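Okay, structure first, notes after.
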Amino acid sequence: MKRRPCTKATKNIGHSAAIMLVGFMFVGLAYSQVQTIRYDSTLKSSAVCLHKDIGALYDDCCMPQDSLAPQRALIERQCTMITNGHFFMPFCHPTVDKYDFTAADRIADFAREKKLRMRGHTLLWHEQIPGWLTNVKRPRAQSRSLVKDHITTVVSHYKGRMDCWDVVNEAVDDNGQMRNSEFAALLGQSYIADAFTWAHEADSAALLFYNDCYIEEINQKSDSVYALLKGLRTRGVPVHGVGFQCHLAVGQPVDFESIRKNIDRFAALGLIVHFTEVDIRIKLPVSPEKVRLQETLYKRLARVFADSPSCRAIVFWGFADRHSWIDRTIHGYGSACLFDKVYQPKSAFNVFTDEISSACRAQSEVERRGLKPDWK
Ligand code: XIL
């Protein structure tokens with residue numbers, strides 16, 4: 001059968017139809033792309049795009065088993081990094097001659113399985129000091145060698161698996177004085193430099209942090225930490241970063257410009273900065289107004305994180321309110337996290353994510369135009 005020849009008219013209709021079809025396909029494709037991007041706009045994708053880490057505390061202990069799966073799913077979807085306190089001295093070194101890495105290894109295994117970077121929290125902290133170290137009176141040299149053995153054993157155990165260690169936590173008190181801790185009493189204040197040196201000897205690839213609270217802004221305490229770290233750096237002690245814990249509260253003013261300047265001054269010492277324990281608590285009961293204020297704080301923190309080249313990671317101290325230490329520890333406060341008690345995102349999560357992904361789009365544009373990004 002002879003094929004019907006195309007007349008000019010049918011040819012035109014054919015062209016128009018083809019153009020329309022291509023148009024529809026293009027719009028459809030673009031729409032599905034937008035859908036994909038929307039669907040994929042996680043903290044993790046923004047972290048990758050910003051070449052930074054976004055992480056959370058993974059709490060797998062002392063919680064009902066039904067809390068594990070939703071938490072793991074959230075972390076897997078949203079994070080590039082995790083942390084956990086199973087590395088506290090009494091947990092992984094319960095008696096003087098016995099180490100127990102069972103709980104900490106579970107975290108390390110999860111990190112490896114999900115290709116997450118790990119922050120080890122923390123080698124030395126005055127609030128987590130085991131009885132075997134303090135209950136027996138020993139000559140200083142002996143206490144020193146026990147602490148050296150602890151650091152060497154723990155850091156060696158995770159060598160090649162631990163990206164960062166909080167080597168010393170909260171060694172400065174809230175008035176900016178060197179804390180009169182049991183570590184200081186047993187070993188002298190030189191324990192700080194020693195701890196970094198021993199950790200570096202055990203794993204020269206791990207980034208070693210000094211971590212503390214209320215040092216986000218430039219203030220009396222952060223001045224002291226700055227002086228401490230400057231002294232250590234000057235003496236060649238291997239300290240690579242400073243952790244700002246960032247336990248913030250709605251109703252307490254935060255000077256974000258001061259946080260930026262503070263990051264910059266630590267960076268000028270050659271240090272990187274991590275926001276290590278982020279949460280923003282609300283005095284109960286929660287009200288719409290307090291929620292708005294919390295959103296603003298999360299948004300502004302996101303912006304400082306995204307904009308500051310030396311701020312390389314932000315880690316939430318629990319993703320969901322169900323796991324927050326605030327509810328357990330700071331009486332009358334709660335609702336500090338980005339997800340609620342049943343793991344649903346709160347408005348603060350949306351605001352935080354929007355801010356991070358908008359920073360990411362701006363960053364991608366810089367890279368697309370071939371400009372050298374300032375983090376390189
Ligand atoms: C909290 C933990 O979340 C609790 O599980 C623990 O029992 C007590 O400490 N600064 C720190 C963290 O460095 O280790 C603390 O975490 C919160 C304050």
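Every number for a ligand or one of its atoms is a count from 1 in the order of the listing. These numbers come from a predicted model, not from an experiment.
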Between D327 and K341, does any side-chain N to carboxylate O distance fall below 4.0 Å?
yes
Measure from NZ or CZ of R119 to the centre of the six-membered ring of F209 and say whether it is under 6.0 Å with the direction within 45° of the ring axis.
yes
Heavy atoms from other residues, nucleotides or ligands near CZ of R112 exceed 12 (cutoff 6.0 Å):
no
More than 12 heavy atoms of other residues, nucleotides or ligands under 6.0 Å from CG of N180: is that the case?
no
S324 side chain vs A320 backbone, donor-acceptor pair below 3.5 Å
no
Starting from the N and O atoms of ligand 1, collect every protein N/O partner closer than 3.5 Å and put each pair on its own line with the distance to 0.1 Å.
unit_1: ligand 1; atom_1: 3 (O); unit_2: W317; atom_2: NE1; d: 3.1
unit_1: ligand 1; atom_1: 5 (O); unit_2: R328; atom_2: NH2; d: 3.4
unit_1: ligand 1; atom_1: 10 (N); unit_2: E170; atom_2: OE2; d: 3.4
unit_1: ligand 1; atom_1: 10 (N); unit_2: Q245; atom_2: OE1; d: 3.4
unit_1: ligand 1; atom_1: 10 (N); unit_2: E277; atom_2: OE1; d: 3.0
unit_1: ligand 1; atom_1: 13 (O); unit_2: H121; atom_2: NE2; d: 3.3
unit_1: ligand 1; atom_1: 13 (O); unit_2: N169; atom_2: ND2; d: 2.9
unit_1: ligand 1; atom_1: 13 (O); unit_2: Q245; atom_2: NE2; d: 3.4
unit_1: ligand 1; atom_1: 13 (O); unit_2: E277; atom_2: OE1; d: 3.3
unit_1: ligand 1; atom_1: 13 (O); unit_2: E277; atom_2: OE2; d: 2.8
unit_1: ligand 1; atom_1: 14 (O); unit_2: H121; atom_2: NE2; d: 2.7
unit_1: ligand 1; atom_1: 16 (O); unit_2: W317; atom_2: NE1; d: 3.1

Looking only at the aromatic ring of each residue, does the gap between the centers of F88 and F91 stay below 6.0 angstrom?
yes
